[in-house]
Amino acid sequence: MNLEETLKQATVQIFKEEFDADITTDAVTINITKKEHEGDFTIVAFPLAKFAKMLPEQTAQKLGEAMQAKTGIVDRFNVIKGFLNLSLTDTYWLNRLKEISKNNSYGTFSPNSQKVALEYCGPNTNKPLHIGHVRNMLLGFSMSEILKATGYNVTKMNIYNDRGVAICQSMVAYLRYANGATPKSSGIKGDHFVGDWYVKFNTVCMEEITTLSNAPADKDEAKKLTPIYKDAQALLLKWEAGDKETIELWKKMNEWVYEGFQETYKLLGVDFQKDYYESETYKLGKNIVDEGLQKKTFYKRADGAVAVDLTPDGLDEKVLLRADGTSIYITQDIATAQLRYDEFEMNKLIYVVANEQDYHFKVLKLVLQKLGRKWAEGIYHLSYALVESPTGRFKSREGKTADADDLISEVLRIAEEKTKELGKIEGFTEEEATKLYKTIGLGALKYFILRVNPYKKIIFNPEESIDFHGHTGPFVQYTYARIRAVIRKAGEQTNGFEIPSGLNLAAVEREIIIQLSEYENVVKTAADKYDPSELANYVYTLAKTYNKFYHEHPILNAESESEKKFRIALSNETSVIIKKAMKLLGIDVPEKM
RNA sequence: GACCCGGUAGCUCAGCUGGAUAGAGCAACAGUUUUCUAAACUGUCGGUCACUGGUUCGAAUCCAGUCCGGGUCACCA
């Protein structure tokens with residue numbers, strides 16, 4: 001049981017004994033005491049006053065006295081207005097630190113025998129990944145780490161939108177102009193190579209519009225009349241008919257794209273255990289539609305299309321099968337969800353998908369529930385907002401700034417530049433230095449994105465580079481590296497990190513222990529809220545507090561041997577938690593920087 | 001038109017299951033290194049928490065309405 005819970009229960013107990021009042025732990029509000037007041041935890045007495053039949057201030061006073069007398073862990077307290085500020089004993093905190101440092105799996109919960117299917121990334125195969133995918137992947141990967149830490153068995157999944165008119169457009173341009181070039185022959189990364197042909201398609205399309213005799217004013221309408229556009233449509237039909245040559249080219253070009261994606265995944269450190277392809281699922285869903293018709297959950301409209309009425313749930317009528325009998329996006333997704341359940345029997349099915357699709361996932365979950373799928377209760381759409389430039393939404397046409405690979409190499413370049421400037425790589429081999437740039441550069445990028453609450457949009461200004469100072473990934477990494485340096489030195493002087501008793505803790509020291517003590521709650525909260533930013537903000541606060549301590553208190557030259565041992569242990573444990581928290585964010589920490 | 005999400009310091013963000021004088025970072029300015037890594041630390045400056053009303057002992061937080069920004073309401077994905 002965690003400390004807050006203990007204090008709450010103590011309060012309930014005391015209310016029973018002292019005031020003969022039955023209250024529940026829910027009625028007790030407990031916070032970490034604000035910095036400007038003395039104390040570790042604060043119990044808010046206002047809502048309790050009526051149960052005690054006293055004024056809030058008197059209630060707080062009485063409660064404080066009883067807490068001090070009965071719990072054995074409250075050293076002293078003060079009351080300001082209706083706030084009861086409790087200070088726990090140094091002994092309590094020292095024991096807490098001992099407990100945490102003894103427990104190697106602190107912050108990791110035991111397996112709960114629940115399975116999670118986590119879908120993220122979901123790229124189209126006609127162009128390279130962009131900054132939006134980066135946010136998606138970082139969120140997805142971090143969430144999987146967090147859920148694993150909270151005891152879930154997680155399977156990461158990707159789904160490739162590998163068919164349709166877009167990829168055919170790349171193919172048409174390739175056929176017309178490439179002369180058999182390949183990524184290898186041209187020295188271009190596969191996904192960019194294919195993306196370039198997609199761009200070429202659009203360029204040619206625009207050119208051809210000017211040659212049309214009577215082009216409509218509407219650009220999109222005009223596009224459809226161009227020869228190249230018609231070629232792409234024709235190619236799609238050939239693809240659907242299973243034309244051998246078309247399929248071969250399609251496979252070849254997709255393969256190039258996958259090779260390119262793999263590189264990016266590897267660089268970012270994300271992975272998947274299971275891949276799905278739209279080309280294999282796009283016809284699925286007929287069975288589900290039949291089932292829905294049978295159950296009268298769905299109905300056939302006069303025009304032949306099958307639909308479901310969601311107006312009672314505040315949504316609209318939703319078509320699930322075209323009049324010509326072909327399946328649509330939502331139907332494929334419903335079928336794919338079923339497919340996943342059949343294979344994994346997961347308790348949770350999480351989709352990391354941009355908030356443009358909020359409506360889609362509401363429908364998805366609702367329809368499955370209407371079909372009586374109990375497991376649909378476990379569907380969660382981890383919706384995130386777009387990454388935007390200061391002038392608005394990133395358009396792929398706006399050029400390189402939104403491209404994932406460019407973004408990554410830019411941040412690696414900056415990491416290298418700054419590291420060299422600071423002269424931090426003395427004694428590093430070339431290989432070690434490169435690894436360090438990667439650790440820091442990616443740390444900066446990942447932290448920059450993950451520290452923002454998913455549902456809030458991120459404003460990213462490509463003109464200003466990502467920061468390495470202040471509230472950033474490198475700040476946390478630096479704190480870690482500094483601790484490690486101390487520990488390395490201490491290693492020669494002490495055996496183990498034993499924690500002496502009977503010390504007087506400085507304010508910063510107990511603040512650090514309190515924060516370390518909160519870590520397991522933060523992991524739980526991040527999992528419950530599906531929000532890695534909880535952890536990102538936590539680890540920053542911890543690092544910041546530690547830096548203050550580091551500056552104010554000598555560790556290896558502490559006043560006494562027991563002080564020294566304690567501070568080494570405190571530092572070590574802080575580094576352990578920083579590393580764990582960063583790992584849940586998918587961020588590495590360097591031993592030296 | 002209906003619905004969903006945002007609006008907190010010049011900028012980027014915390015705080016939002018109601019609690020004390022609204023917090024960080026960046027930027028600006030002033031300091032800190034004979035001591036464990038200065039990618040650090042300390043201080044100054046900076047706020048009608050979009051607006052109006054309501055509920056409450058207490059509202060950035062909850063409710064209603066308004067304004068601004070974005071998104072969705074496809075037999076596209």
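Just so it is clear: chains get the letters A, B, ... in the order the sequence lines come, proteins before strands, and each one is counted from 1. Just so you know, these numbers come straight off a predicted model, no measurement behind them.
Using a 5.5 Å limit on the distance between ring centres and a 30° limit on the angle between planes, the aromatic ring of Phe46(A) does not count as stacked on the six-membered base ring of G58(B). The side-chain ring of Phe83(A) is stacked on the base of A20(B), judged by centre separation under 5.5 angstrom and plane angle under 30 degrees. Residue side chain His37(A) meets the stacking definition with respect to A20(B): its ring centre sits within less than 5.5 angstrom of the base's six-membered ring centre, and the planes differ by less than 30 degrees.
Residue order along RNA chain B, read from the 5' end via each residue's closest nucleotide, puts Lys544(A) first among Lys544(A) and Ala415(A). Judged by closest nucleotide on RNA chain B, Thr33(A) is the one of Thr33(A) and Thr472(A) placed further toward the 5' end.
Among the protein residues, Lys592(A) comes within range of the nucleic acid bases, having at least one heavy atom under 4.0 Å from a base atom. When heavy atoms are screened at a 4.0 angstrom cut-off, Asn453(A) is found touching the sugar-phosphate backbone but no base atom. Nucleic acid contact for Gln477(A): none, since no nucleic acid atom lies under 4.0 Å from a heavy atom of the residue. Nucleic acid contact for Val44(A): base, since at least one base atom lies under 4.0 Å from a heavy atom of the residue. Using a 4.0 Å heavy-atom cutoff across all strands shown, Leu315(A) reaches no nucleic acid atom at all. Here Tyr540(A) lies in heavy-atom contact (under 4.0 Å) with sugar-phosphate atoms only. In this structure, Arg484(A) reaches neither bases nor backbone, as no heavy-atom distance under 4.0 Å exists between it and the strands shown.
Between the P atoms of G70(B) and C75(B), the separation comes to 25 Å (whole Å). As rounded to the nearest Å, A27(B) and C3(B) have P atoms that lie 44 Å from one another. A gap of 13 Å separates the C1' atoms of G15(B) and A59(B), to the nearest Å. Taking the P atoms as reference points, C11(B) lies 12 Å from G47(B), given to the whole Å.
Using the six-membered ring where Trp is involved, His471(A) and Tyr540(A) have ring planes that are parallel, under 30° apart on the 30 and 60° scheme.
The side chain of Asn547(A) places an N or O atom within less than 4.0 Å of a non-bridging phosphate oxygen (OP1 or OP2) of C41(B). Taking only side-chain nitrogens and oxygens, Lys418(A) never comes nearer than 4.0 Å to OP1 or OP2 of A38(B). Applying the 4.0 Å criterion to OP1 and OP2 of U32(B), one finds that His551(A) has every side-chain N and O outside that range. Remark: Lys34(A) is in phosphate contact with A20(B), judged by side-chain N or O atoms under 4.0 Å from OP1 or OP2.
Evaluated for a side-chain hydrogen bond (donor to acceptor under 3.5 Å, both in side chains) with Asn85(A), the options Asp40(A), Asn78(A), Asn31(A) yield exactly one hit, Asn78(A).
Both the sub-6.0 Å distance and the 45° axial angle are satisfied by Arg163(A) relative to the ring of Tyr282(A).
Rounded to an integer number of Å, the gap from Lys35(A) NZ to A22(B) C1' is 13 Å. Lys365(A) places its NZ atom 17 Å from the P atom of C4(B), with the value rounded to the nearest Å. Look at OH on Tyr455(A): it is 21 Å from P on G69(B), rounded to the nearest Å.
In the set C13(B), A14(B), U37(B), the nucleotide with an atom closest to the side chain of Arg451(A) is C13(B).
The base of A20(B) sits within donor-acceptor range of the side chain of Asn85(A), with an N or O pair under 3.5 Å.
When the shell of 6.0 Å around NZ of Lys286(A) is examined, it contains more than 12 heavy atoms from other residues, nucleotides or ligands.
Counting all heavy atoms, side chain and backbone alike, Asp303(A) lies closest to Ala305(A) at OD1-N, 2.9 Å.
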side-chain hydrogen bond (donor to acceptor under 3.5 Å, both in side chains) assessment of Tyr384(A) paired with Asn136(A) | CA-CA 8 Å; Tyr384(A) 63 91; Asn136(A) 183 310; 3.1 Å; yes
